[in-house]
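Source: prediction; values computed, not measured. Order of the sequence lines fixes the chain letters, A, B, ..., with proteins taken first and strands second; residue numbering starts at 1 for each chain.
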Amino acid sequence: MNTAVQLLFRRSLPSLPWTRQVRAGLLPLFAAHLRLSSTGLFLLPSALSLRLPPDPFALPAAINACAALPNSLPVGRQLHAISLVSGISADPFISTSLVHMYLKCAALPDAHRVFDETPQRSVAVWSAMIAGNAARGRASEAFQLLDQMRSSGTQPNLITFNGLLVGLNRSGRPDKTLPLLQRMHSEGFELDSVAVSSALSAAGDLEDVTAGCQIHGYANKTRLEAYASVASALLDMYGKCSRAEEMLRVFDALASPDVASRSALLAGLSRNGRVDDALAAFAEFRAQGAELNVVCWNSMVACCSQNGKDMEALELFRQMQSAGEEPNAVTIPCLLPACGNVAALMHGKSAHCFSLRQGIIVDVYVASSLVDMYAKCGRITDARVVFDAMPKRNVVTWNAIIGGYAMHGLANDAIEMFVSMKRHRQKPDTVTFICLLSACSQAGLTEEGEHFFDEMQNEHGIDAAVVHYACIVSLLGRAGRLDEAHELIRKMRNEADSCVWGALLSACRVHGNVALAEVATKRLFELEPTNAGNYVLLSNIYASKGMLDEVERVREMMNAMGVKKNPGCSWIEIRNKVHMLLAGDKSHPQMSNISEKLERLGAEMKRLGYRPSINLVFQDVEEQDKEYILCGHSEKLAVALGLVSTPAGTSLRVIKNLRICGDCHATIKFISMVEGREILVRDTNRYHQFKGGSCSCGDYW
DNA sequence: GTAGGGTTAG
């Protein structure tokens with residue numbers, strides 16, 4: 001269609017006489033086409049070069065096309081110049097669309113200049129100014145303009161107010177939306193579907209379910225509920241206010257739900273943790289052949305990647321493409337967390353290529369999620385390359401790179417980036433300091449960590465949250481200052497949670513402090529009685545001290561509580577395919593090769609004097625079996641699979657869902673030496689880079 | 001025949 005229209009213009013325009021009729025017939029078509037398609041801007045220069053006579057009827061539409069399409073400010077300026085030289089710039093329609101266009105393109109001074117130079121200010125040009133200023137985050141200017149408008153004798157209408165409402169919502173000021181709605185109501189405006197949709201959207205953002213219900217009542221009374229935009233805004237509001245049941249009731253009552261309503265429902269279910277319901281609803285929509293769009297697909301991909309269903313997210317993305325739904329700039333940040341979680345580097349790379357091809361790499365969300373993905377996939381250098389190439393960054397971007405360095409144990413790089421961040425005048429937030437402090441604690445930079453903890457509170461006015469305390473506890477703990485760490489927990493203003501006590505417990509394991517470990521676990525068993533990790537850690541500490549009766553006691557306690565150990569799970573990507581290995585699982589088709597490889601390595605290690613750490617085995621079985629269980633740990637299986645499936649010398653990347661076990665750590669160090677391989681293992685905390693028999697964590701984790 | 005306001009995904 002677009003190409004056809006283009007050809008029509010190319011062929012017919014030069015030969016047509018420029019009669020009033022031709023203009024009248026073609027220009028609106030041209031303008032409508034501009035507004036609809038990204039090829040519009042391609043058409044515009046050719047139309048200009050045809051010496052298209054400036055037309056006060058067509059210019060506004062062309063100017064609006066510039067407002068709607070990205071990167072078209074230069075063309076918009078050109079159209080502005082044309083209106084100036086042809087003496088029609090004072091036309092109220094033209095100046096209104098110019099104001100609108102400049103505000104949409106973030107050229108505020110230009111918008112204000114055009115507005116100031118408009119002698120006869122229509123309601124429309126005032127409305128454009130007010131809406132545009134509000135949407136650009138200049139709420140107080142917008143309200144001032146509204147007052148000026150009135151005192152200059154022009155009365156605002158419903159469109160003026162609605163524009164202000166929408167602008168306030170968009171610029172993150174939903175708190176100002178509801179009072180404005182009240183004011184409109186008391187000034188006697190009959191609210192329409194736009195006003196009600198915006199109000200619902202604000203109520204949702206504020207999680208103000210009382211206001212939301214009131215507006216719902218109003219919409220019901222006035223029959224505005226029947227409007228599609230009101231329906232989807234209602235679903236969105238209930239979803240954001242954690243009223244999933246009410247949301248489902250609204251959806252079921254819809255006579256004919258549209259795509260936006262379906263999308264709002266899917267997003268709402270996902271947001272409320274009802275992942276399976278969202279997947280079921282999505283499957284049902286597909287089975288019905290109901291219309292779905294890229295927003296629905298993106299919601300579902302995000303739903304999976306945010307809820308531990310990473311493989312499902314990758315699969316949905318594949319299905320999305322085979323269903324002919326073109327991914328967009330939002331799809332990438334929905335998908336990439338899943339790639340990062342399971343280290344699906346090839347999928348992540350292809351998303352990177354896609355972003356380059358589509359020109360969406362300049363989107364700060366897209367590039368930030370790429371930085372994060374590369375870091376999580378063990379490619380910190382690639383993360384840095386993407387970071388350096390970004391034209392614009394935000395706090396999330398900086399946090400991604402600092403957190404990436406932290407995860408790789410590269411604390412000095414993390415600190416360097418933090419310094420650079422401040423030089424770029426980017427304000428750090430609470431996440432920045434979590435990344436920075438954990439970098440210091442991973443690398444044992446105790447003094448630096450303490451310094452940043454003070455800097456956070458004194459220079460940046462950020463209150464220490466519980467997670468920051470947890471970082472400091474591991475920092476002190478790593479340095480062996482366990483009593484200080486314990487003291488800090490006692491002095492904390494906030495209530496210490498399981499992260500804080502867990503950090504202390506981990507430090508106790510490293511330094512073999514049984515007494516303090518018992519203090520920490522006492523609290524942990526109260527705070528999270530069903531977390532198997534705490535029992536296992538305590539048992540490991542006892543085991544390392546040979547306190548086998550205590551080990552037995554912990555196991556009994558765990559059984560009594562009905563706590564089951566989380567199955568260990570590792571992922572490795574081999575030639576585009578992500579393989580998942582569960583501890584003790586024999587189902588992988590390559591299992592005989594894996595076992596054979598592990599046996600051969602085990603024999604070699606024993607010959608060199610290595611003894612398997614059978615005391616780390618938690619299960620109550622014979623010694624022989626303990627050794628066998630250790631060999632079945634998922635990270636060993638994944639490494640062995642990598643060894644037998646890739647050429648010698650290739651580096652391997654394994655992701656694990658739990659903390660790496662001591663025996664596996666020792667074994668993989670050994671493997672990295674005898675096999676001459678670099679092996680990266682990411683556990684819940686960080687990357688371990690095994691090379692030539694040692695690990696980048698310095699045996700502290 | 002032309003201008004100003006619409007809901008859903010990161």
Go through dG5(B), dA3(B), dG10(B) for me and flag the one nearest to the C334(A) side chain.
dG10(B)
Have a look at R121(A) and say if it touches a base, only the backbone sugar-phosphate, or nothing, with a 4.0 Å heavy-atom cut-off.
nothing
For D258(A) and S261(A), indicate whether the former's side chain and the latter's backbone hold a donor-acceptor pair under 3.5 Å.
yes
Could you check which of dA3(B), dG4(B), dG10(B) has an atom nearest any side-chain atom of H100(A)?
dG4(B)
Under 3.5 Å, is there any donor-acceptor pair linking the side chain of S229(A) to the base of dG6(B)?
yes
Using a cut-off of 4.0 Å on non-hydrogen atoms, how would the nucleic acid contact of V230(A) be classed: base, sugar-phosphate, or nothing?
nothing
Under 4.0 Å, counting only non-hydrogen atoms across every strand here, what does S299(A) touch: a base, just sugar-phosphate, or nothing?
sugar-phosphate
Checking all strands, does A231(A) fall into the base, sugar-phosphate, or nothing category for heavy-atom contacts under 4.0 angstrom?
nothing
Which of these nucleotides, dG4(B), dG6(B), dT7(B), is closest to any side-chain atom of R170(A)?
dG6(B)
Counting only side-chain heavy atoms from C-beta out, which of dG10(B), dT8(B), dG5(B) sits nearest to K104(A)?
dG5(B)
Whole-Å distance separating the CG atom of N157(A) from the C1' atom of dG5(B):
9 Å
Distance in angstrom units between N394(A) CG and dG10(B) C1', rounded:
11 Å
Please report, rounded to the nearest Å, how far the C1' atom of dT7(B) is from the NZ atom of K240(A).
10 Å
For the side chain of N133(A) and the backbone of M129(A), is there at least one donor-acceptor N/O pair under 3.5 Å apart?
yes
Rounded to the Å, how far apart are E190(A) CD and dG5(B) P?
22 Å
What nucleotide, of dG4(B), dT8(B), dG10(B), holds the atom closest to the side chain of I159(A)?
dG4(B)
Looking at R271(A), I'd like to know whether one of its side-chain N or O atoms comes within less than 4.0 Å of OP1 or OP2 on dA9(B).
yes
Centroid distance under 5.5 Å and plane angle under 30°, F161(A) vs dG5(B)
no
Whole-Å gap separating P (dT7(B)) and CG (N162(A)):
11 Å
Between dT2(B) and F93(A), is there a base-stacking contact, meaning the centre of the base's six-membered ring lies under 5.5 Å from the residue's ring centre while the planes stay under 30° apart?
yes
Should the ring pair Y238(A) and H216(A) be called parallel, tilted or perpendicular, given that the plane angle runs from 0 to 90° and is split at 30 and 60?
perpendicular
Quick one: label S369(A) by what it contacts on the DNA or RNA (base, sugar-phosphate, nothing), any heavy atom closer than 4.0 Å.
nothing
Do F317(A) and W297(A) make the cut of ring centroids closer than 6.0 angstrom?
no
Winner on side-chain proximity to L158(A), out of dT8(B), dT2(B), dG5(B), is dG5(B)
Side chain of V330(A) only, please: which of dT8(B), dA9(B), dG4(B) is the nearest?
dA9(B)
Please determine whether a side-chain nitrogen or oxygen atom of N64(A) lies at a distance below 4.0 Å from atom OP1 or OP2 of dG4(B).
yes
Atom CG of L292(A) and atom P of dA9(B) are separated, to the nearest Å, by 15 Å
Among dG4(B), dG6(B), dG10(B), the one nearest any side-chain atom of S193(A) is dG6(B)
Counting heavy atoms from C-beta on, name the nucleotide in dG6(B), dG10(B), dG4(B) closest to the side chain of A329(A).
dG10(B)
Can you find a side-chain donor-acceptor pair between N169(A) and T177(A) that sits under 3.5 Å?
yes
Does a distance-only test, which skips hydrogens and angles, find a donor-acceptor pair under 3.5 Å between the side chain of S232(A) and the base of dT7(B)?
yes
Short side-chain to backbone donor-acceptor contact, R393(A) and F387(A), under 3.5 Å:
yes
Of all the nucleotides listed (dT2(B), dG4(B), dT8(B)), which has the minimum atom distance to the side chain of S127(A)?
dG4(B)
Contact class for D363(A) vs. all strands (heavy atom < 4.0 Å): base, sugar-phosphate, or nothing?
base
Would you say the side-chain atoms of S72(A) pair up with the backbone N or O of C66(A), donor to acceptor, closer than 3.5 Å?
yes
Give the rounded distance in Å between these two atoms: CH2 of W297(A) and P of dA9(B).
18 Å
Within this structure, what is the CG-to-C1' distance between N293(A) and dG10(B), rounded to whole angstrom?
15 Å
